[in-house]
Student: 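One structure coming up, written as structure tokens, with questions to follow.
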Amino acid sequence: MEKIEWEDVQRIVLSGFKHLPYSAYVLCRFRPEERAQKKKWLADLAKRLTPVLPDPERKTHCAINLALTASGLQHLGIGEPALNSFSMEFLEGMAPPHAPGAPIPRRTNILGDLEASSPEFWDWGGWDEKANHVDVLLLLFVADETSLDQLIESEMDAIHGVADGDPIVLKGHLFPDTKEHFGYVDGLSQPKIEGRPKKKNKAPEKGTSGIRPGSEVKPGEFLLGYLNERRARITTRHGRDIRRNGTYLVFRQLEQDVPAFNAFLSDVAKNLGETEDWVAARLLGRWRDGVPLVPERAVANVGCSKNDFLYYYEDRAGLTCPIGAHIRRANPRDSLIPDPVTALHLSKMHRIIRRGRPYGQRWKPNDQERLGEKAERGMLFIALNADIAGQFELIQHSWLNNPRFNGLYAGTDLISHFSGGESITIQSRPANLHIPRPAPFVRVRGGAYFFLPGIRALHDIAAS
Ligand code: HEM
């Protein structure tokens with residue numbers, strides 16, 4: 001097993017900071033000039049960043065991590081040869097520029113960022129270069145609201161001299177019940193990096209082997225410089241390669257239309273003669289309390305972990321967990337091709353570490369907001385991966401947004417944000433149920449591709 005330099009890796013790779021439920025994401029654009037000042041800011045900040053080691057289990061009272069876009073790296077003096085070693089999609093960005101009248105950029109089509117979710121309308125990161133461009137993402141995590149405001153203030157003071165205009169501050173938080181805005185428990189299934197520091201004295205969950213099937217993944221799927229599931233290594237040079245111990249960070253602000261989603265659940269439940277919870281579970285693949293549909297609840301209650309399941313032998317036809325359910329599309333585990341062992345290995349090449357958090361207050365039935373209005377709540381979606389095209393983009397494009405996913409012939413995912421999937425299929429006997437689907441429940445409000453460097457690389461960049 002490869003030895004990983006965890007002391008150099010930013011801690012968000014291994015931790016969702018559940019003990020620090022208040023968070024802020026500071027998005028800023030660098031001033032064009034004053035490189036020396038930017039490097040000074042970086043040198044100071046690099047000392048405050050939170051790494052995995054020395055003590056991965058110590059509950060720090062705050063955590064700070066940093067990610068940069070391609071232009072952010074350029075501002076800090078990264079020249080062409082080093083910059084060109086980064087992946088094409090990172091260099092191109094999530095929303096490549098679009099000239100009026102020209103066809104929609106390929107990447108925008110891949111992501112399905114169309115209609116109301118088009119980068120034309122984004123609040124940040126979109127096509128309006130001047131207003132929307134982002135170089136820096138600071139990720140701040142603390143235990144309470146007052147500490148969050150204090151930390152934001154001190155980091156804003158520090159960045160003030162190098163920022164062009166006012167940074168955008170997005171606040172996210174983990175609700176105590178860990179449910180996101182559509183009412184589902186979130187943050188349950190994550191890939192486990194092989195070679196991660198093991199928690200002391202942690203007994204395996206009751207009824208499990210301690211290692212979830214298919215959840216141990218080679219470090220190179222998430223950290224540059226290590227072997228991945230294809231036995232390849234994304235960085236070739238050791239030592240001063242600035243990509244080593246870093247990973248790509250995908251950040252998307254996904255607005256959620258909760259009243260529209262609830263109205264849909266209620267209509268479908270009435271038509272099918274089922275409960276809203278039953279319908280909600282078929283859309284996600286888990287009950288709202290997190291219990292998976294496979295294995296069925298009766299079995300799951302007999303000491304089975306919320307993640308210790310596969311699909312091939314239990315539910316190949318999707319009669320228990322629909323084939324188009326969110327978690328089955330986003331991680332098909334062993335079900336994508338007829339040979340379950342190879343299928344499971346293939347799925348491991350397309351995993352992401354999710355670190356997103358909800359933003360905005362919970363929707364309440366007496367809120368004034370009407371269907372289709374701009375909602376003030378949603379998901380600050382974050383995915384970490386070593387290969388944006390092969391991991392995040394593949395999941396979004398070929399699995400979530402794909403009406404032909406795994407033998408289906410219509411429909412897209414619960415969270416797809418364009419009107420391509422007019423229906424949702426629930427496998428059933430004697431005949432499948434086809435449910436007409438209204439306008440999307442999710443809308444993209446902003447986004448960018450970042451790189452989350454190793455801490456040594458940041459010191460090197462600051463010193464060079
Ligand atoms: C508003 C947007 C979204 C919401 C509300 C949402 C919600 C959820 C929930 C409730 C779960 C189940 C809990 C868990 O397994 O941790 C889940 C799982 C997952 N989601 Fe999402 N999600 C969203 C967007 C996305 C996007 C954009 C992607 C990827 C492109 C994605 C990928 C995944 C993956 C990989 C899993 C784990 C599946 C598994 O391993 O079983 N999600 N999501």
Side-chain angles (χ1 to χ4, degrees), residues 104 108-109 111-122 179-184 186 252-288 293 318 321-330 358-360 362-379 381 395-397 399-406 408-428 431-445:
I104 289 178
T108 303
N109 268 317
L111 295 173
D113 291 344
L114 307 168
E115 304 160 5
S117 286
S118 161
E120 189 183 345
F121 309 115
W122 290 5
K179 289 187 173 175
E180 52 68 56
H181 286 295
F182 289 151
Y184 300 100
D186 199 3
R252 280 164 74 82
Q253 184 179 349
L254 303 176
E255 180 182 284
Q256 291 174 256
D257 190 342
V258 178
F261 179 68
N262 288 347
F264 174 70
L265 289 184
S266 152
D267 282 355
V268 176
K270 263 186 228 134
N271 287 341
L272 296 182
E274 297 284 356
T275 63
E276 290 173 22
D277 270 346
W278 185 94
V279 179
R282 262 75 210 159
L283 297 180
L284 188 83
R286 291 182 185 272
W287 294 92
R288 277 169 148 172
L293 292 184
C321 174
I323 289 169
H326 179 65
I327 67 160
R328 193 158 173 168
R329 282 181 183 265
Y359 69 92
R362 281 256 160 90
W363 181 81
K364 294 191 209 77
N366 54 355
D367 280 356
Q368 291 306 305
E369 188 183 300
R370 285 193 301 271
L371 300 188
E373 276 185 0
K374 182 176 165 181
E376 284 153 18
R377 63 184 56 77
M379 172 76 79
F381 175 84
I395 297 175
Q396 183 77 62
H397 168 264
W399 293 352
L400 301 185
N401 291 353
N402 182 4
R404 304 269 179 277
F405 172 78
N406 204 5
L408 296 175
Y409 56 88
T412 55
D413 190 86
L414 146 75
I415 64 101
S416 288
H417 40 267
F418 61 98
S419 54
E422 292 78 9
S423 72
I424 288 171
T425 303
I426 297 180
Q427 284 72 35
S428 186
N432 291 347
L433 308 172
H434 297 289
I435 302 166
R437 191 201 142 123
F441 309 119
V442 170
R443 179 166 157 191
V444 186
R445 307 289 327 168

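Since the structure is predicted, the reported quantities are computational estimates derived from the model, not experimental observations.
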Student: Hey, does the side chain of Arg329 reach the backbone of Asn401 with a donor-acceptor pair shorter than 3.5 angstrom?
Tutor: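 Answer holds: no.
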Student: Is there a side-chain contact between Asn262 and Trp363, using heavy atoms and a 4.5 Å cut-off?
Tutor: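 Result yes, sub-4.5 Å side-chain heavy-atom pair found.
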Student: At what distance, to the nearest 0.5 angstrom, does CD of Glu255 lie from CD of Glu376?
Tutor: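 It is 9.0 Å, given to the nearest 0.5 Å.
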Student: For residues Phe405 and Ile323, report the shortest heavy-atom separation together with the two atoms involved.
Tutor: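 For Phe405 and Ile323, the tightest heavy-atom pair comes out as CE2-O, 3.4 Å.
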Student: Please tell me if the side chains of Pro438 and Phe264 come closer than 4.5 Å, counting only heavy atoms from C-beta onward.
Tutor: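 Yes, close enough: below the 4.5 Å cut-off.
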Student: Can you tell if the side chain of Ser118 reaches within under 4.5 Å of the side chain of Thr108, non-hydrogen atoms only?
Tutor: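 Answer no - side chains too far apart.
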Student: Does Pro322 reach the side chain of Ile424, with side-chain heavy atoms less than 4.5 Å apart?
Tutor: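 A side-chain contact is absent here, since even the closest heavy-atom pair is not under 4.5 Å.
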Student: Between the side chain of His417 and the main-chain N/O of Ala116, is any donor-acceptor distance below 3.5 Å?
Tutor: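 It does not hold such a pair.
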Student: Between Arg443 and Asp257 (salt bridge meaning N to carboxylate O under 4.0 Å), is one present in this structure?
Tutor: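 Not counted as a salt bridge, because no side-chain N and carboxylate O are separated by less than 4.0 Å.
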Student: Within the distance-only criterion (no hydrogens, no angle test), does the side chain of Asp277 pair as donor or acceptor with the backbone N or O of Trp287 below 3.5 angstrom?
Tutor: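 Judged by distance alone, no pair lies under 3.5 Å.
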Student: Please tell me if the side chains of Asn432 and Ile426 come closer than 4.5 Å, counting only heavy atoms from C-beta onward.
Tutor: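 Answer no - side chains too far apart.
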Student: Can you tell me how far NE2 of His326 sits from CD1 of Ile415, rounded to the nearest 0.5 angstrom?
Tutor: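 The distance works out to 5.5 Å.
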Student: Hey, are the side chains of Leu283 and Phe441 touching, using non-hydrogen atoms and a 4.5 Å cut-off?
Tutor: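 Result no, sub-4.5 Å side-chain heavy-atom pair not found.
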Student: Go through Asp186 and Met379 one step at a time and tell me if the side-chain contact (heavy atoms from CB on, under 4.5 Å) criterion holds.
Tutor: CA-CA 11 Å; Asp186 199 3; Met379 172 76 79; 3.4 Å; yes
Student: Between Arg404 and Trp399, is NZ or CZ placed under 6.0 angstrom from the six-membered ring centre and within 45° of the ring axis?
Tutor: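 Checked: cation-pi criterion not met.
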Student: Within this structure, what is the CZ-CH2 distance for the pair Arg288 and Trp278, rounded to the nearest 0.5 Å?
Tutor: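 So the gap between those two atoms works out to 14.0 Å.
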Student: Backbone N or O of Tyr359 within a donor-acceptor pair of the His181 side chain at under 3.5 Å?
Tutor: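 Judged by distance alone, yes, a pair lies under 3.5 Å.
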Student: Sub-3.5 Å donor-acceptor pair from the side chain of Trp122 to the main-chain atoms of Ser117, do we have one?
Tutor: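 Yes; at least one donor-acceptor contact below 3.5 Å.
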Student: Is the closest basic N to carboxylate O distance between Arg252 and Asp113 below 4.0 Å?
Tutor: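 Salt bridge flag = yes for Asp113 with Arg252.
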Student: Between Glu274 (side chain) and Val279 (backbone), is there a donor-acceptor pair under 3.5 Å?
Tutor: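 No; judged by distance alone, with no hydrogens or angles, the pair does not exist.
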Student: Could you please spell out the steps behind the side-chain contact (heavy atoms from CB on, under 4.5 Å) verdict for Asn109 and His397?
Tutor: CA-CA 9 Å; Asn109 268 317; His397 168 264; over 6 Å; no
Student: In sequence, state the C-alpha distance, the side-chain angles, and the governing distance for Val442 and Phe182, and then conclude on side-chain contact (heavy atoms from CB on, under 4.5 Å).
Tutor: CA-CA 11 Å; Val442 170; Phe182 289 151; 4.1 Å; yes
Student: Taking the side chain from Arg328 and the backbone from Cys321, do they hold a donor-acceptor pair closer than 3.5 Å?
Tutor: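 Yes.
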Student: Gln256 versus Phe261: any side-chain heavy-atom pair under 4.5 Å?
Tutor: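 The answer is no; the side chains never approach within 4.5 Å.
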Student: Any side-chain donor paired with an acceptor under 3.5 Å for His434 and Ser423?
Tutor: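 Note: His434 and Ser423 side chains miss the donor-acceptor criterion.
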Student: State, yes or no, whether a side-chain contact exists between Leu254 and Arg445 at a heavy-atom distance under 4.5 Å.
Tutor: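 Not touching, per the 4.5 Å side-chain cut-off.
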Student: Taking all atoms of both residues into account, what is the closest heavy-atom pair of Ser416 and Pro440, and its distance?
Tutor: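 Closest approach of Ser416 to Pro440, heavy atoms only: O-CB, 3.6 Å.
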Student: Kindly say whether Tyr184 contributes a backbone atom to a donor-acceptor pair with the side chain of Glu180 at under 3.5 angstrom?
Tutor: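 Yes, Glu180 side chain to Tyr184 backbone: donor-acceptor pair under 3.5 Å.
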Student: Does the pair Val258 and Arg377 meet the rule for a side-chain contact (heavy atoms from CB on, under 4.5 Å), with working shown?
Tutor: CA-CA 8 Å; Val258 178; Arg377 63 184 56 77; 3.6 Å; yes
Student: Excluding sequence neighbours, so at least two apart, what forms side chain to side chain donor-acceptor pair (under 3.5 Å) with Glu120?
Tutor: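 Applying side chain to side chain donor-acceptor pair (under 3.5 Å) to Glu120 gives none.
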Student: How many angstroms lie between atom CG of Leu408 and atom CG of Asn402, to the nearest 0.5 angstrom?
Tutor: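 Here the rounded value is 8.5 Å.
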Student: Which value, rounded to the nearest 0.5 Å, describes the distance between Thr425 atom OG1 and Arg437 atom CZ?
Tutor: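 So the gap between those two atoms works out to 11.5 Å.
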